[in-house]
Number of protein chains: 2
Amino acid sequence: MLTKSSTELVRQRNSVLVLATLRRHGPLAHTEISDFTRLSSATVSAITADLEKAQVIEKSEQQAASGRGRPRVLLRQRRDCGYLIVVIISSDAVQYSLVDYSGKLIDRFSEERSHDPDGAGRFVNGVRAGLERILSRSRIEREKVLLISISSKGLVNSSEPVLVWSPIFGSDQIDFELALKPEWKAKVILDNETLLVAAALGAREENVKGADFRSLAALSLGHSIGLGIVRRTTHGGHEVSAPNFGHMLHMANGGLCRCGTRGCIEAYAGFYAILRTAFEVPLDTIPAKFVPVAELDKIAARARQGHRISGFAFRQAGLALGNGLSRMLSLTERMPIAITGPGTRYYDLLRQGIEEGLGQSHMVRREGMPELRVVADEQILVFEGHLNRALAVIDEDIVVAGLQGGD
Amino acid sequence: MLTKSSTELVRQRNSVLVLATLRRHGPLAHTEISDFTRLSSATVSAITADLEKAQVIEKSEQQAASGRGRPRVLLRQRRDCGYLIVVIISSDAVQYSLVDYSGKLIDRFSEERSHDPDGAGRFVNGVRAGLERILSRSRIEREKVLLISISSKGLVNSSEPVLVWSPIFGSDQIDFELALKPEWKAKVILDNETLLVAAALGAREENVKGADFRSLAALSLGHSIGLGIVRRTTHGGHEVSAPNFGHMLHMANGGLCRCGTRGCIEAYAGFYAILRTAFEVPLDTIPAKFVPVAELDKIAARARQGHRISGFAFRQAGLALGNGLSRMLSLTERMPIAITGPGTRYYDLLRQGIEEGLGQSHMVRREGMPELRVVADEQILVFEGHLNRALAVIDEDIVVAGLQGGD
DNA sequence: GATTTTTTTCTCGACAGTCGAGAAATTTAG
DNA sequence: CTAAATTTCTCGACTGTCGAGAAAAAAATC
């Protein structure tokens, strides 16, 4: 059902638009905001006056006159308007970052995770302690933390911050909202890690290509396999999703996966799967929990020297990825695929299999091979995705909460 | 990039909203419109006055006073406001329907298609002739036809009315906009047939479940395999898509498909594929162009009597469908699956395979089997989908074109 | 140093849209 | 014939955007 529209909504949307351009382009003068947003100067005045009154933005002190005419008054976000805590959960550590409203990193530390199965409950307590720690290290009041943005590998509920399935905890669901509600008033959001990578790459791509950007997929290779898809919507926004790609069926009754099912893509392309194939262990062997990367490096070295079985393991992994990607593309549209994650160091060995696997489908035969590119620095992209998403959410919340003049 | 908002946009959206509720609920009084849309009475007055001036809606003449108080004045769409031509292309015929602005069917006929390969060019000329015929049979001026809505099986460009690939013409692209531009000023839209089925089912489902409706997939079984997906967007609208499901890879290096690729789902689940398996013809045999349904009925009868190979053929088809669906669900979310098309008559034989194929994936094991339901009357659903979509487009166009008071 | 030019910001009036309240219209009940 | 009920319509208040022009302020020019 469509929903009604009103003038207040107009103001809300335009206010968010102003905040978003300020975020994208840094401190801007009145006229520049008007240019970027295509709002009239009068409207920009009205909106910025409101935002200023609500202590969300502030006038920059004077700045060296950069030309003639009345000097510009730059508007910038007030850093102390609110804060964001980013929590990045990976298989061996949890990283906490404190960021101010302008997106500037204030503090950061990582905590190693014990590899013994501590269970979901103890893990959550660890996260709570980590949050307390980063808060107390700063001099920031608890109320000023507007948002806690968490990411993990695995399957995430799209509407609530609930980790539904993860390679680490399996089906032990974790409801972060529930867990953090006692001490935190801040909103809690949870996203799949590769979704954030895709979001960040999509934002970058749009900055370059502008309206030409349509869609993009990010494929993360590592112990597990992640996929994120970002698409432009008709309204000009971005829609992102993180399908359960690693556990999509590759081959019926195939190799045993960590998740307990047979034939998942991960059971062919995950690090443990490559190891299993290379050592000619039977495919129904229960896979190793952790595989040291050094181990895989050795296999890669042998493969590069022409060792048959080692090469075959990587090619097999590539085939599973290629077939899976071709299936994904059959269900969406042709889009570039950015490959990230620790597995990119073996891309030279995987590539042939990926392309062969892609080529086996009607879709690729008709429309041609999608663009494949390797993107390093997955960690940076994850953080960038966090910021893009979280700060946009904060902007929206601030505007929707109403701008009834700060205290 | 977000885009700016304005008060005119508000009016446009609300006008469309009024037209949409009128469409859904039939002739309504002022107060009822206000109730359904949650717009204030004053706003409804303003909008309906504009629409009436533009000759889009009209006040219903008298009607029996149904209670006390001032009698209601019903508002209804003016049927002569504009017309719509629906063209449904199927493998053996093309059906033309003329519909007025209120959605009432005025005229309809079908034209058989010659089975000799007439090629895309001659086919398009046939469509042009059909359109002329349905126009001249009515007394309607050409300018009053606002939209031509076409559907076909196959792959459709999402933004332009271009048939990219179809089981009938292969890769001979057909650009209907280009082909019809000389004589028609009307807008031309083209949709995949199963997409329309999904859209219609989604609309029905939402009428029943209201906000509880989230998403749904329609699977059409026949000579070829179609899939349509409909999802509610956050704004309350519906997003539909028609992926290339029939030619998604089922099994690498598998049976030869009509499209020339090996291992497509259709090469296991299409009618010709079932025939091929049942007759133990090698899987790389070039498949028959047309399979009489009677032939398949015979195999089904044998299968029901316990004939092994015949039963196997259907089970094999079900497996391909089930695996494909499980892959689709891995990429989206769990959703009910409505099965339509002529193949539903064999559902008793397919079902076991479908469920087994679905059950082989992590996703189904974790979240459980999706709801499977058989929906007959595919033809009616296709037409219903046409109307839903086309009339919504017309409403939008009328409002956006501006309501500068019809002549 | 005074004046002009240029550029930016701010303000004002016009216009569009929504809403609530109440007036007007019209039928039924008593 | 009057009162009650119900629907439609209108009016004034409020909020929003926009264009134009006034006000501000520094650089350039005479």
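Atom set for the values below is all heavy atoms of this structure, side chains included, hydrogens, waters and symmetry mates excluded. Below, chain A is the first sequence line, B the second, and so on; all start at residue 1.
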Measure the distance from [atom1] on [X] to [atom2] on [N] and round it to the nearest whole Å.
X: A:Arg13; N: D:dT17; atom1: CZ; atom2: P; result: 12 Å
X: B:Gln12; N: C:dT18; atom1: CD; atom2: P; result: 11 Å
X: A:Lys53; N: C:dC10; atom1: NZ; atom2: P; result: 13 Å
X: A:His30; N: D:dG19; atom1: NE2; atom2: P; result: 13 Å
X: B:Asp50; N: D:dC9; atom1: CG; atom2: P; result: 13 Å
X: A:Ile47; N: D:dC18; atom1: CD1; atom2: P; result: 9 Å
X: A:Ile33; N: C:dT9; atom1: CD1; atom2: P; result: 9 Å
X: A:Ile57; N: C:dT9; atom1: CD1; atom2: P; result: 12 Å

Would you tell me if any nitrogen or oxygen in the side chain of [X] comes within less than 4.0 Å of OP1 or OP2 on [N]?
X: A:Thr7; N: C:dG17; answer: no
X: B:Ser40; N: C:dC19; answer: yes
X: A:Arg11; N: D:dT15; answer: no
X: B:Thr31; N: D:dT8; answer: yes
X: B:Asn14; N: C:dG17; answer: no
X: B:Lys59; N: D:dT7; answer: no

Fill in: Atom pair CD1 (B:Ile398) and CD (B:Gln12), whose distance is rounded to the nearest 0.5 Å
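Interatomic distance, B:Ile398 CD1 to B:Gln12 CD, rounded to 0.5 Å: 13.0 Å.
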Worksheet item: Nearest nucleotide by nearest heavy atom, which residue falls closer to the 5' end of DNA chain C, B:Val10 or A:Ser45?
Response: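 The 5'-side residue here is A:Ser45.
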Worksheet item: Could B:Glu52 and B:Lys59 be called an ion pair, given the rule that one side-chain N must be under 4.0 Å from one carboxylate O?
Response: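 B:Lys59 and B:Glu52: salt-bridged.
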Fill in: N-O pairing of B:Glu239 and B:Arg232 below 4.0 Å
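A salt bridge is absent here (no side-chain N lies under 4.0 Å from a carboxylate O).
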Practice prompt. Give B:Ala49 one of three labels, base, sugar-phosphate or nothing, depending on what nucleic acid heavy atoms sit under 4.0 Å from its own.
Written response: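 The residue B:Ala49 makes no contact with any strand.
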Worksheet entry | Test side chain to side chain contact (heavy atoms under 4.5 Å, CB included) applied to A:Ile33 and A:Leu17, A:Thr43, A:Val18, the passing residue |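 Checked A:Leu17, A:Thr43, A:Val18 against A:Ile33; only one passes side chain to side chain contact (heavy atoms under 4.5 Å, CB included): A:Val18.
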Fill in: B:Arg24 to B:Phe36, cation-pi by 6.0 Å centre distance and 45° axis angle
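Judged by the rule, B:Arg24 and B:Phe36 form no cation-pi pair.
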Worksheet item: Does B:Ser41 make a side-chain donor-acceptor contact with the base of C:dC19, cut-off 3.5 Å?
Response: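 Such a pair does not exist between side chain and base.
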